[in-house]
Amino acid sequence: MRTLLIAALVFGLAACGTAGGEEPAEVAGSGINLGPDQKRITATKDDKIAAKVPEKFRAKGELTIGGSAGTAPPLRFYATDDKTVIGVETDIATLVADVLGLKAKLEVSSWENLFVGLDSGAYDLGLSNITVTEARKEKYDFATYRLDTLAFEAKKGGTWKVKEPKDVAGKVIAVTSGTNQERILVDWSTKNVAAGLQATDIKYFQNSSDYYLALQSGRIDAYLGPNPSSAYHAVTSGQTEVIGNFSGGAAVQGKIAATTKKDSGLVTPVQEALNQLIANGKYAEVLKRWGLSDEAVPTSEINPQGLPKS
């Protein structure tokens, strides 16, 4: 499903591009809308679930949802107006807010400041491809909504593949600081050094445009990031390819979750809203829209087993 949907997106971009080179708001045949008017899938308020939202959130009438827009499509990125955040994360965020009877206020943050915002109360909820980890569970509550799948993305046409830690020995690989991908790559490099292999030269980038430029110029050998973004970019750019992918949790299946400050009282109604959306098919519609049906979860869980502490 993902490959077909992304391929349709590529064809649509080629067929519908304007003379000025701007991306079209509507991509023919793909179901993907890149414009600021998203015509998002909507849901209705559930009074019983909404009543469980703590009063301090209900009194505002809105849910402030933070997330990074520095990631690549189809997660959370800017529309063709370069200021409206769109993607699967924003669609799920607005659906949850609908069920809770609140207006979704979508805020843009860097990855590091997302957690600062949750800590300070500036953000009520974080939806930004956040993986559940045991360390994060000490400060935050989680309601899962998608599987965590990672990918190594490299320049197209090479023979190098990544199947195990030794395959990244001596390579220059980029990650985003503070992510689960960084933790995994550091762990792999440490194991390689202990086995007498070369360390991995880890480079840090915060924006997708930066690591893609580094990849094309040869300053890095690969980028390790979320599989949805890499799969999307590989097909739409025609310049890169996925050379290895796996669960973000290795032995433990990584899971992506809506994130709240610990004991804020918000995680239970958020989880119940997600489960209602799973049951009524709205959740599946959103994942299908962005080509991520194979990362669906059968049910939302609160604070499941997370990736272990390093």
**Request:** Establish, yes or no, whether a centroid distance under 6.0 Å links the rings of Phe205 and Tyr223.
**Result:** no
**Prompt:** Going from CG on Leu274 to CD on Gln276, what distance comes out if it is rounded to the nearest 0.5 angstrom?
**Reply:** 10.5 Å
**Item:** Pairwise distance CG(Leu95) to CG(Asn280) - rounded to 0.5 angstrom
**Value:** 8.5 Å
**Message:** Contact between Lys203 and Tyr211 at the side-chain level, heavy atoms closer than 4.5 Å - yes or no?
**Reply:** no
**Prompt:** What do the steps show when you test Tyr123 against Leu114 for side chain to side chain contact (heavy atoms under 4.5 Å, CB included), and what is the final call?
**Reply:** CA-CA 8 Å; Tyr123 305 141; Leu114 170 58; 4.0 Å; yes
**Message:** So for atom NZ, which belongs to Lys161, do other residues, nucleotides or ligands contribute more than 12 heavy atoms lying within a distance under 6.0 Å?
**Reply:** yes
**Asked** Is Leu125 reachable from Phe115 through a run of hydrophobic residues whose side-chain heavy atoms are each under 4.5 Å from the next?
**Response** no
**Request:** Decide yes or no on side chain to side chain contact (heavy atoms under 4.5 Å, CB included) for Ile256 and Tyr145, but give the supporting numbers first.
**Result:** CA-CA 6 Å; Ile256 304 300; Tyr145 63 89; 3.5 Å; yes
**Request:** Check the pair Gln305, Val252 against side chain to side chain contact (heavy atoms under 4.5 Å, CB included), reporting the backbone distance first and the verdict last.
**Result:** CA-CA 8 Å; Gln305 180 182 5; Val252 177; 3.7 Å; yes
**Message:** Other residues, nucleotides and ligands only: do more than 12 of their heavy atoms fall within 6.0 Å of NZ on Lys137?
**Reply:** yes
**Prompt:** Is it true that a side-chain atom of Glu89 and a backbone atom of Asn129 form a donor plus acceptor pair closer than 3.5 Å?
**Reply:** yes
**Request:** Taking Thr259 for its side chain and Ala257 for its backbone only, find out whether a donor-acceptor pair lies under 3.5 Å.
**Result:** yes
**Message:** Quick check against the 3.5 Å criterion: does Lys261 have a side-chain atom that pairs as donor or acceptor with the backbone of Asp124?
**Reply:** no
**Message:** So does Gln239 get a backbone contact from the side chain of Ser237, meaning a donor-acceptor N/O pair under 3.5 Å?
**Reply:** yes
**Request:** Verify the cluster assignment for Leu292 and Val242: are they in a single hydrophobic cluster under the rule of side-chain heavy atoms below 4.5 Å apart?
**Result:** no
**Message:** Looking at Lys60 and Glu62, is there a salt bridge between them, counting it only when a charged N and a carboxylate O are closer than 4.0 Å?
**Reply:** no
**Within one Ile-Leu-Val-Met-Phe-Trp-Tyr cluster: Ile130 and Leu75, side-chain cutoff 4.5 Å** = no
**Prompt:** Okay, side chain of Trp290, backbone of Pro228: is any donor-acceptor separation there less than 3.5 Å?
**Reply:** no
**Prompt:** Within a reach of under 6.0 Å around NZ of Lys103, are more than 12 heavy atoms found that belong to other residues, nucleotides or ligands?
**Reply:** no
**pair Lys83-Pro36: side-chain heavy atoms closer than 4.5 Å** = no
**Item:** Ala222 to Ala154 - nearest heavy-atom pair and separation
**Value:** CB-CB, 4.3 Å
**Asked** Is the side chain of Thr179 donor-acceptor paired with the backbone N or O of Glu182 at a distance under 3.5 Å, no angle test?
**Response** yes
**Item:** Exam field: side chain Asp46 to backbone Ala50, donor-acceptor pair closer than 3.5 Å
**Value:** no
**Message:** When you compare the side chain of Arg146 with that of Lys255, does any pair of heavy atoms fall below 4.5 Å?
**Reply:** no
**Message:** Does Phe152 form a side chain to side chain contact (heavy atoms under 4.5 Å, CB included) with Ile173? I'd like the steps, not just the answer.
**Reply:** CA-CA 9 Å; Phe152 284 91; Ile173 299 179; 3.8 Å; yes
**Nearest non-hydrogen partners of Ser229 and Tyr212, listed with the distance** = O-OH, 3.9 Å
**Request:** Let me know which of Asn245, Asn227, Leu185, Leu224 forms a side chain to side chain contact (heavy atoms under 4.5 Å, CB included) with Leu150.
**Result:** Leu224
**Request:** Find out whether Val99 and Leu277 are in side-chain contact, i.e. whether some heavy atom of one side chain is under 4.5 Å from a heavy atom of the other.
**Result:** yes
**Prompt:** Around atom NZ of Lys156, are there more than 12 heavy atoms of other residues, nucleotides or ligands at under 6.0 Å?
**Reply:** no
**Request:** Taking the six-membered ring of Trp160 (Phe, Tyr or Trp), confirm whether the NZ or CZ of Lys171 is under 6.0 Å from its centre and within 45° of its axis.
**Result:** yes
**Asked** Does any N or O in the side chain of Thr200 come within less than 3.5 Å of the main-chain N or O of Ile202, such that one atom is a donor and the other an acceptor?
**Response** no
**Message:** When you compare the side chain of Tyr140 with that of Leu118, does any pair of heavy atoms fall below 4.5 Å?
**Reply:** yes
**Prompt:** Using the benzene-type ring in the case of Trp, are the ring centres of Phe246 and Trp188 under 6.0 Å apart?
**Reply:** yes
**Request:** Kindly compute the distance separating CG (Leu106) from CG (Leu127), expressed to the nearest 0.5 Å.
**Result:** 9.5 Å
**Message:** Under 4.5 Å between side-chain heavy atoms, counting indirect links through other Ile/Leu/Val/Met/Phe/Trp/Tyr residues: same cluster for Ile184 and Tyr204 or not?
**Reply:** yes
**Asked** Does the distance from a Lys or Arg side-chain N to an Asp or Glu carboxylate O, for Arg136 and Glu138, drop under 4.0 Å?
**Response** no
**Request:** Identify the heavy atoms of Ser128 and Ser68 that sit nearest to each other, and give their distance.
**Result:** OG-N, 2.9 Å
**Asn303 side chain vs Phe142 backbone, donor-acceptor pair below 3.5 Å** = yes
**Message:** With side-chain hydrogen bond (donor to acceptor under 3.5 Å, both in side chains) as the test, pick out the partner of Arg40 among Asn33, Asp98, Asp91.
**Reply:** Asp91
**Request:** Drop me the distance from Arg58's CZ to Leu102's CG, to the nearest 0.5 angstrom.
**Result:** 9.0 Å
**Item:** Heavy-atom side-chain proximity of Thr90 to Arg76 below 4.5 angstrom
**Value:** yes
**Over all atoms of both residues, closest heavy-atom pair of Thr80 and Gly35** = OG1-CA, 3.5 Å
**Request:** State plainly whether the residues Lys288 and Glu285 are in salt-bridge range, i.e. N to O under 4.0 Å.
**Result:** no
**Complete:** Between Pro269 and Ile49, the two heavy atoms sitting closest are O-CG2, 3.5 Å
**Message:** So Leu34 and Phe77, do their side chains get closer than 4.5 Å, heavy atoms only?
**Reply:** yes
**Minimum side-chain heavy-atom gap Lys105-Leu63 below 4.5 Å** = no
**Request:** Taking only Lys NZ, Arg NE, NH1 and NH2, and the carboxylate oxygens of Asp or Glu, determine whether Asp187 and Arg183 approach each other closer than 4.0 Å.
**Result:** no
**Prompt:** Passes side-chain hydrogen bond (donor to acceptor under 3.5 Å, both in side chains), Asp148 versus Thr131? Steps please.
**Reply:** CA-CA 7 Å; Asp148 177 19; Thr131 303; 3.1 Å; yes
**Asked** Which pair of heavy atoms, one from Trp111 and one from Gly178, lies closest together, and at what distance?
**Response** NE1-O, 3.2 Å
**Request:** Flag yes if Val267 and Val132 sit in one hydrophobic cluster, no otherwise; membership is Ile, Leu, Val, Met, Phe, Trp, Tyr, and two members link when side-chain heavy atoms are under 4.5 Å apart.
**Result:** no
**Message:** Would the distance check show the side chain of Gln271 and the main-chain N or O of Ser300 forming a donor-acceptor pair, the cut-off being under 3.5 Å?
**Reply:** yes
**Asked** Going from CG on Asn113 to OG on Ser120, what distance comes out if it is rounded to the nearest 0.5 angstrom?
**Response** 9.5 Å
